[in-house]
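In what follows, a single structure is set out as structure tokens and then discussed.
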Amino acid sequence: MAAAVQAVELLRSLSAEEFRSGERIARTLGCSRAAIWKRVEALRAMGVPVAAETGRGYRLEEPFELLDADRILAGLAGRHRRRLNALSVHLSVDSTNAELQRFAVQRRHAVAVFAERQTRGRGRRGRVWISPLARNIYLSLGWRFDAGVRELSALPLVLALAACEALADAGLRGHVIKWPNDILLGGRKLGGCLVELEGDARGPCVTVLGVGINVRMPSSTPAAAGIDQPWTDVASGLPQVSRNALSAALLSALVDHVERFEGRGFEPFLGRWADWDGLCGEPVVVRQPGGAVAGVAEGLSPRGGLLLATEDGVRELHAGEASLAGEGAVQAQGSAGHG
Ligand code: BTN
């Protein structure tokens, strides 16, 4: 068994309430006490603080809520459960998107893959999505569309709307979308979406819909030092947030939104975008491969393009990295981290 998976298994056997002896844990996990010590070290290296005291054993220095497939399923309405073909929670994967892409194409539809940790989490534009253990949500949903690639261009926006509405249902307030699909709270990155698709111009298309949300990631988390832009987590606005409950809310919203998009395209979402639009009315710079375009954001076109009032008139943009003019660092153009 991989060392990372063994370390995560140890996490299941530890408690923040009481010390547990190395002997007892070794018995539960069927290994030696020396092996437990190694796993404790591995767990610490993954950002889980573990206290160790001679004669008493080990205790977590903070409580961790691990993801549980049964609890997530129990949090779904019957119609969402019936819609899903499979749901799994992995302890450690390279990337949940990559994991789904290893499934045969015809087996990816309506399959949800969660992970406690990603070793090569993928962000947009080839960036890394920093994914420490047991702190955040890393979810990929596989979905097959009869539509062709062009008709799916607004799908990343639909994902961001689903994530925002799930967060609001969980009780969070004040979060917005930075077009096309960054989720921000107080100007700091809270989550992001990555759509990867295979298919024909005329359809069908098999998509992998990836969403990452920072849930409970204190700034002391070692991996967080690798994030090169301002970021935040849900717990800073909603201290009692449950990862399992939020995972269920997110998955439900994704299924609802994706089904509606499948039936009616982006039109039903256009009016809702205004509720979450973090750029509308703001001076914005959009960086594209051909150069930067500056203007005032005026909301979305019916196809999901960003409308920008520039010196040369209103332009409709379908790709690029948007940042508030003069606040490039806040909206982050970094090449690594939660890009
Ligand atoms: C972004 O750059 O803003 C998009 C980040 C998307 C991260 C999620 S986490 C779950 C899924 N698996 C990945 O490897 N990436 C996405």
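Just so you know, ligand 1 is whichever comes first in the structure, and atom 1 is the first atom listed for that ligand. Just so it is clear, the values below take in all heavy atoms, side chains as well, and ignore hydrogens, waters and symmetry mates. Just so it is clear, the structure is predicted and the values come from calculations on it, not from any experiment.
In the vicinity of S140, heavy-atom distances shorter than 4.0 Å reach the ligand 1 atoms 11 (C), 12 (N). Interface of R124 with ligand 1, defined as ligand atoms under 4.0 Å from a residue heavy atom, comprises 1 (C), 2 (O), 4 (C). Atom numbering of ligand 1 starts at 1 in the shown order; those under 4.0 Å from a heavy atom of T96 are 10 (C), 11 (C), 12 (N). Heavy-atom contacts of G121 reach the following atoms of ligand 1: 14 (O) (cutoff under 4.0 Å). Atoms of ligand 1 lying under 4.0 Å from any heavy atom of K189, numbered from 1 in the order shown and given with element: 1 (C), 3 (O). Within the listing of ligand 1, atoms 5 (C), 6 (C), 7 (C), 13 (C), 14 (O), 15 (N), 16 (C) sit less than 4.0 angstrom from a heavy atom of R122.
Look at R125 and you'll find every heavy atom at least 4.0 Å from all atoms of ligand 1. The closest approach between R127 and ligand 1 stays at or above 4.0 Å for every heavy atom of the residue.
Remark: side-chain polar atoms of T207 are paired, donor with acceptor, to backbone N or O of W143 under 3.5 angstrom.
Residue pairs meeting the ring pair (Phe, Tyr, Trp, His ring centres under 6.0 Å) criterion with at least one member in residues 182-212, sequence neighbours excluded, do not occur.
Between R216 and E62 there is no salt bridge, since no side-chain N of the basic residue sits under 4.0 Å from a carboxylate O of the acidic one. For the pair R122 and E99, the salt-bridge criterion is not met [side-chain N within less than 4.0 Å of a carboxylate O].
Comparing G212, C193, G191 by heavy-atom distance to atom 8 (C) of ligand 1, the nearest is G212.
Under the 3.5 Å distance criterion, with hydrogens and angles disregarded, a donor-acceptor pair is assigned to the side chains of S92 and R117.
A pairwise comparison of heavy atoms in N214 and W129 identifies OD1-CZ2, 4.2 Å as the closest pair.
Neither the backbone nor the side chain of A98 has any atom closer than 4.0 Å to an atom of ligand 1 (non-hydrogen atoms only). Residue contacts with ligand 1, taken as heavy atom pairs separated by less than 4.0 Å, involve D182 solely via side-chain atoms from C-beta onward.
Using a 4.5 Å heavy-atom threshold, the side chains of R59 and V50 count as separate.
Distances between N or O atoms of S95 and those of ligand 1 include at least one value under 3.5 Å.
Under the rule for a side-chain contact (heavy atoms from CB on, under 4.5 Å), the partners of T221 that lie at least two apart in sequence or sit in another chain are P132, R135, M217, P218, A224.
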